[in-house]
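Structure, as structure tokens:
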Amino acid sequence: MVALKELLPLDAIRLDVSAPNWAKAVRASGDLLVSTGTATDGYTAEMIANVAENGPYIVLAPGFAFAHARPSPAVLRTGMAWVRLAEPVEFGHETNDPVTLVVALAATDSGSHTEAMATLARLLADPETSRALAEARTPEEVWSLVTGEEPAAARTAAGPAGPAGPAAPATGARAAEPEAPARTGGGGDRHTILTVCGNGLGTSLFLKNTLEQVLERWGWSSFVTVEATDTISAKGKASGAAAILTSGEIARTLGDVGTPVRVVENFTDTGEVDRVLRETYEV
């Protein structure tokens, strides 16, 4: 697994970037991927096409868009870029617009960056850290907040993994943890919940991490497996899943798959995911 600090060099962070629309905002993040040798300009076009084809599901929390596309020859190595916008930009999301932060991911595969995504999700879900990131005056301040280290060697982003960000607090009062679900298939099978996005390697990983935090808090981790996947694969896996958690845009794309599809608006909000999980299991 690759740590967040290894994916986000200091040169891939820009603050107060002007963008007249969502496509220009995504392009600004793609330009940083190109300039740091992470991807070619073709990947930027793929990220923009992803939103044009699948809708603004990449706006996974209020003010935050996670730009990405599938692994392709346009990706030279796994890496990220961070763009804080000078002015909020509308992406067309019903609840999470406008966007002030665009983080872009280019990945060579679907698995090596999962640790970094979990760290980023915890950071952005923490109100104090999120506020500090919004108020940071320099890329160095952002890099230190994200990695927990001083930016002495940040431009190469090399070295051992930094510490994980603070755990996300639950939103609102915490209800009592419910009893574990009954085992299926004669008592030996685990339940499976799918978290789904267009490509299965970006926003679905954020939701997977948040859901796993809730399951751990409930004491259900040994009973429920969470799998991040894409829309095409989800249709084939739906029959074996207890539920699918996804965005409104992806839910409409999936349609009726014979398994409950639950919409989550804020992929980093443990309180909302807790509520959706309780509705799913009627607890």
Q: With side-chain contact (heavy atoms from CB on, under 4.5 Å) as the test, would you mind laying out the steps for Val102 and Val89 before giving the verdict?
A: CA-CA 10 Å; Val102 180; Val89 172; over 6 Å; no

Q. Are Thr44 and Leu33 close enough, and set up right, to give a side-chain contact (heavy atoms from CB on, under 4.5 Å), and what steps lead you there?
A. CA-CA 8 Å; Thr44 302; Leu33 294 176; 5.7 Å; no

Q) Under 3.5 Å, side chain of Arg190 to main-chain N/O of Ser222, donor-acceptor pair present? A) yes

Q) Does CD in Glu90 sit with more than 12 non-hydrogen atoms of other residues, nucleotides or ligands closer than 6.0 Å? A) yes

Q | Beyond-backbone contact of Leu124 with Phe66, side-chain heavy atoms, under 4.5 angstrom | A | no

Q | 4.5 Å side-chain heavy-atom contact, Phe91 and Asn96 | A | no

Q | CG-CG distance between Leu194 and Leu207, expressed to the nearest 0.5 angstrom | A | 11.0 Å

Q) Would you say Arg84's side chain and Ala136's backbone share a donor-acceptor pair under 3.5 angstrom? A) yes

Q) Under 3.5 Å, side chain of Thr129 to main-chain N/O of Ala125, donor-acceptor pair present? A) no

**Q.** ring pair (Phe, Tyr, Trp, His ring centres under 6.0 Å): pairs with one or both residues in residues 24-46, sequence neighbours excluded
**A.** none

Q: Indicate if Val146 and Leu205 have the same hydrophobic cluster label, given that clusters are the connected sets of ILVMFWY residues with side-chain heavy-atom separations under 4.5 angstrom.
A: yes

Q) Can Leu101 be reached from Met47 by stepping across I, L, V, M, F, W or Y side chains whose heavy atoms are under 4.5 Å apart? A) no

(Q) Do Leu120 and Phe206 make a side-chain contact, defined as non-hydrogen atoms from C-beta onward lying under 4.5 Å apart? (A) yes

(Q) Between Ser35 and Leu32 (side chain of the first, backbone of the second, donor and acceptor by atom type, cut-off under 3.5 Å), is there such a pair? (A) yes

Q) side-chain hydrogen bond (donor to acceptor under 3.5 Å, both in side chains): which pairs involve residues 256-265, sequence neighbours left out? A) Thr95-Glu265, Arg262-Thr280

Q. Taking Thr78 as the fixed residue, which of Asp109, Thr38, Thr108 is the one that meets the side chain to side chain donor-acceptor pair (under 3.5 Å) rule?
A. Thr108

(Q) Taking Val196's backbone N and O only, do any of them form a donor-acceptor pair with Thr229's side chain (distance below 3.5 Å, no angle check)? (A) no

(Q) Which residues pass the side chain to side chain contact (heavy atoms under 4.5 Å, CB included) test with Asn266, not counting sequence neighbours? (A) Ala61, Pro62, Thr268, Asp269, Glu272

Q) Out of curiosity, does Leu245 fall in the hydrophobic cluster containing Phe64 (side-chain heavy atoms, cut-off under 4.5 Å, transitive links)? A) yes

(Q) If you define the side chain from C-beta out and look only at heavy atoms, does anything of Thr246 sit under 4.5 Å from Tyr57? (A) no

Q) Closest heavy-atom contact between Ala67 and Val26? A) CB-CG1, 4.1 Å

Q: Starting at CD of Glu249, measure out to CG of Leu254 and round the result to the nearest 0.5 Å.
A: 12.0 Å

Q) How close do Ala238 and Ile244 get, heavy atom to heavy atom, and via which atoms? A) CB-CD1, 4.0 Å

Q | Qualifying ring pair (Phe, Tyr, Trp, His ring centres under 6.0 Å) pairs with a residue from residues 118-141, counting only residues at least two apart or across chains | A | none

Q: Report yes if some heavy atom in the side chain of Thr36 is under 4.5 Å from a heavy atom in the side chain of Arg77; otherwise report no.
A: yes

**Q.** Interatomic distance, Leu105 atom CG to Ile58 atom CD1 [nearest 0.5 angstrom]
**A.** 11.5 Å

Q.
Just verifying a value: how many Å separate Thr231 OG1 and Asn199 CG, rounded to the nearest 0.5 Å?
A. 8.0 Å

**Q.** Flag side-chain contact, heavy atom, 4.5 Å: Asp230 against Arg70
**A.** yes

Q: Group every Ile, Leu, Val, Met, Phe, Trp and Tyr by side-chain heavy-atom contacts under 4.5 Å, then state whether Leu15 and Met80 land in the same group.
A: yes

Q.
Closer than 3.5 angstrom, by distance alone: can the side chain of Trp218 be matched with the main-chain N or O of Asp274 as a donor-acceptor pair?
A. no

**Q.** Glu135 CD to Leu145 CG distance, which is reported to the nearest 0.5 Å
**A.** 10.5 Å

Q: For residues Arg122 and Asn209, determine if any side-chain heavy atom of one lies less than 4.5 Å from a side-chain heavy atom of the other.
A: yes

Q) Are Met117 and Val59 co-members of a hydrophobic cluster defined by side-chain heavy atoms under 4.5 Å apart? A) no

(Q) Once side-chain hydrogen bond (donor to acceptor under 3.5 Å, both in side chains) is applied, what residue pairs with a partner in residues 18-34 remain, sequence neighbours excluded? (A) Arg27-Asp41

Q: Examine distances only and state if a side-chain atom of Ser144 and a backbone atom of Glu140 form a donor-acceptor pair shorter than 3.5 Å.
A: yes

(Q) Could you measure the distance from the CH2 atom of Trp143 to the CD1 atom of Ile13? Nearest 0.5 Å is fine. (A) 8.5 Å

Q) Going by the ring pair (Phe, Tyr, Trp, His ring centres under 6.0 Å) test, which pairs reach into residues 226-283, not counting sequence neighbours? A) His191-Tyr281, Trp220-Tyr281

Q. Do the side chains of Ile193 and Leu277 get nearer than 4.5 Å, heavy atoms only?
A. yes

